[in-house]
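Structure record follows, encoded as structure tokens.
All ligand and atom numbering here is 1-based and tracks the order in the structure. No hydrogens, no waters, no symmetry mates; every other heavy atom, side chains included, goes into these values.
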Amino acid sequence: MKAIQLTTYGDISENIKLSEIKKPSIQKDEVLVEIFAASVNPLDIKVASGKLKRLSKTPLPFTMGHDVSGKIVAIGADVSDFKIGDEVYAYTNSQGTFAEFVAVKANIVSLKPKNTSFEEAASLPLVSLTAAQVLKRGKLKAGDKILIHAGSGGVGSLTIQLAKAKGAYVYTTTSTDNVEWVKALGADRVIDYKTEDYKTIVKDVDMVLDPLGNQYTEDAFDVIKKGGKVISLVGPVDEETARRMKLNYFANLFLSWKRRKITAQIKRKSAYYSLLLMRGNKKQLSEIAELVEAGKIKTSIDKVFSLKETLEAIRYVDNGRTKGKVVITVKK
Ligand SMILES: NC(=O)c1ccc[n+]([C@@H]2O[C@H](COP(=O)([O-])OP(=O)(O)OC[C@H]3O[C@@H](n4cnc5c(N)ncnc54)[C@H](OP(=O)(O)O)[C@@H]3O)[C@@H](O)[C@H]2O)c1
């Protein structure tokens, strides 16, 4: 089968190749998905750069990609909740999805929303799961106020819609060109970061979603109420997450030094801070499919590429200006 493989870590232009590889076989607890579409995430760029190589057990070369939609063409002996031909979607971090087929653990696969194309469905898994997991961790409820940075990004655009579906008041930041588009997603107050300073507008919110990091993570504590929550996707590793990582003494010491400024901010605001590391989740994906079918969540596709144009798609996402999601069509 055809697959986009990473041959070496480093420069994406040199190391991403369209290859002919063996079609995957499945384990008892897996399904084989014939891929119709996949989508690109900044995660793919971080993986290719080698920044996450210490967390990966997969030897090079390997197939890239995490988001998939397609049809089930084979089912493992222990899988009882799917049948051949089911149209599904998933986020997976074991085998790559920039390919014609992928084997996925059935317990992270869901039926795709019935009212979407494969391209639309493939745009959802990583970003919608992240959005759902962020709001769950922050225990967002009706009437709460939330600041969602980068509202025009993949994660931001989904989190706005899920937060609105929960009945929250949503502030979001974006650049001038995207203001109207983000308003249409339902945000209550869109802040144009080119002309406005969000720190003078947002006060005492219950929660901040920080997908930007660095100064944005620290400054989030200035706009939350006392006892508020900051959930970051890219900030320093929090104490609880570090504990779960079972790191050695020196690694822990290093992480605790890295988060020293955040630790001071947590104390100052009696705040909750967490670095979220999203995971595949069948139940949440099924709930998202229901919300899409009910018209409560819309998909947002910026650009569609073919499998052989994947490098171009990755470069496009790497520019950091994506409005919604970038999708790869594998089969029409
Ligand atoms: N920890 C996790 O589990 C996890 C999960 C998902 C994502 N992430 C990370 O979270 C980050 C965001 O992911 P994504 O998929 O949403 O990325 P993305 O779609 O590539 O984000 C692009 C968007 O960011 C906006 N943006 C950039 N700088 C901004 C700024 N200073 N203020 C406001 N908006 C800004 C851009 O809008 P303008 O063009 O208007 O500036 C653009 O629409 C990535 O680093 C990703 O790796 C982590």
Side-chain angles (χ1 to χ4, degrees), residues 39-49 51-52 55 64-67 91-93 122-138 147-162 170-185 187 189-199 201-202 208-220 223 230-238 241 244-245 273-281 284 299-303 313-327:
S39 76
V40 182
N41 291 287
L43 173 62
D44 300 311
I45 296 147
K46 290 178 189 175
V47 167
S49 73
K51 277 183 195 156
L52 306 174
L55 303 175
M64 296 183 68
H66 296 84
D67 278 337
Y91 158 84
T92 172
N93 64 0
S123 75
L124 285 166
L126 187 148
V127 291
S128 63
L129 286 170
T130 303
Q133 290 166 23
V134 161
L135 299 185
K136 187 169 181 208
R137 187 159 299 179
L147 166 64
I148 297 167
H149 275 302
S152 48
V155 174
S157 56
L158 257 296
T159 315
I160 290 171
Q161 298 182 72
L162 276 186
V170 174
Y171 294 94
T172 192
T173 56
T174 192
S175 66
T176 316
D177 289 350
N178 295 329
V179 167
E180 290 311 317
W181 185 79
V182 171
K183 255 187 211 159
L185 295 174
R189 176 66 166 93
V190 182
I191 300 160
D192 176 353
Y193 69 76
K194 298 231 169 177
T195 59
E196 297 178 293
D197 177 6
Y198 76 90
K199 283 185 276 173
I201 298 165
V202 182
V208 174
L209 165 60
D210 159 44
L212 297 170
N214 300 317
Q215 199 57 43
Y216 286 93
T217 319
E218 258 184 77
D219 290 349
V223 301
V230 176
I231 313 289
S232 182
L233 303 179
V234 289
V237 179
D238 60 85
T241 306
R244 264 189 273 121
M245 288 168 140
Y273 167 78
S274 180
L275 168 70
L276 184 110
L277 302 173
M278 63 78 58
R279 286 162 184 265
N281 185 310
Q284 281 173 336
T299 54
S300 317
I301 296 180
D302 183 336
K303 225 169 159 157
I314 292 172
R315 280 210 191 100
Y316 187 84
V317 171
D318 197 22
N319 284 335
R321 300 272 79 85
T322 313
K323 197 161 118 184
K325 289 285 297 180
V326 167
V327 171

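The immediate protein surroundings of ligand 1, defined as residues with any heavy atom under 4.0 Å of it, consist of Pro42, Lys46, Leu126, Thr130, Ala150, Ser152, Gly153, Gly154, Val155, Thr173, Thr174, Ser175, Asn178, Tyr193, Pro211, Leu212, Tyr216, Leu233, Val234, Leu276, Leu277, Met278, Gly320, Arg321, Thr322.
In this structure Arg189 satisfies the salt bridge (charged side-chain N to carboxylate O under 4.0 Å, His left out) test together with Glu196, sequence neighbours excluded. Checked against ring-ring contact (aromatic ring centres under 6.0 Å, His included), Tyr216 has the following partners two or more places apart in sequence or in another chain: His149. Residues meeting the ring-ring contact (aromatic ring centres under 6.0 Å, His included) test with His66, sequence neighbours left out: Tyr91.
Remark: Lys194 does not engage Asp177 in a salt bridge, criterion side-chain N to carboxylate O under 4.0 Å. Ion pairing between a basic and an acidic side chain is recognised when a charged N comes within 4.0 Å of a carboxylate O; Asp302 and Lys325 show no such pairing.
A distance of 9.0 Å separates OG1 in Thr299 from CG in Leu158, rounded to the nearest 0.5 Å.
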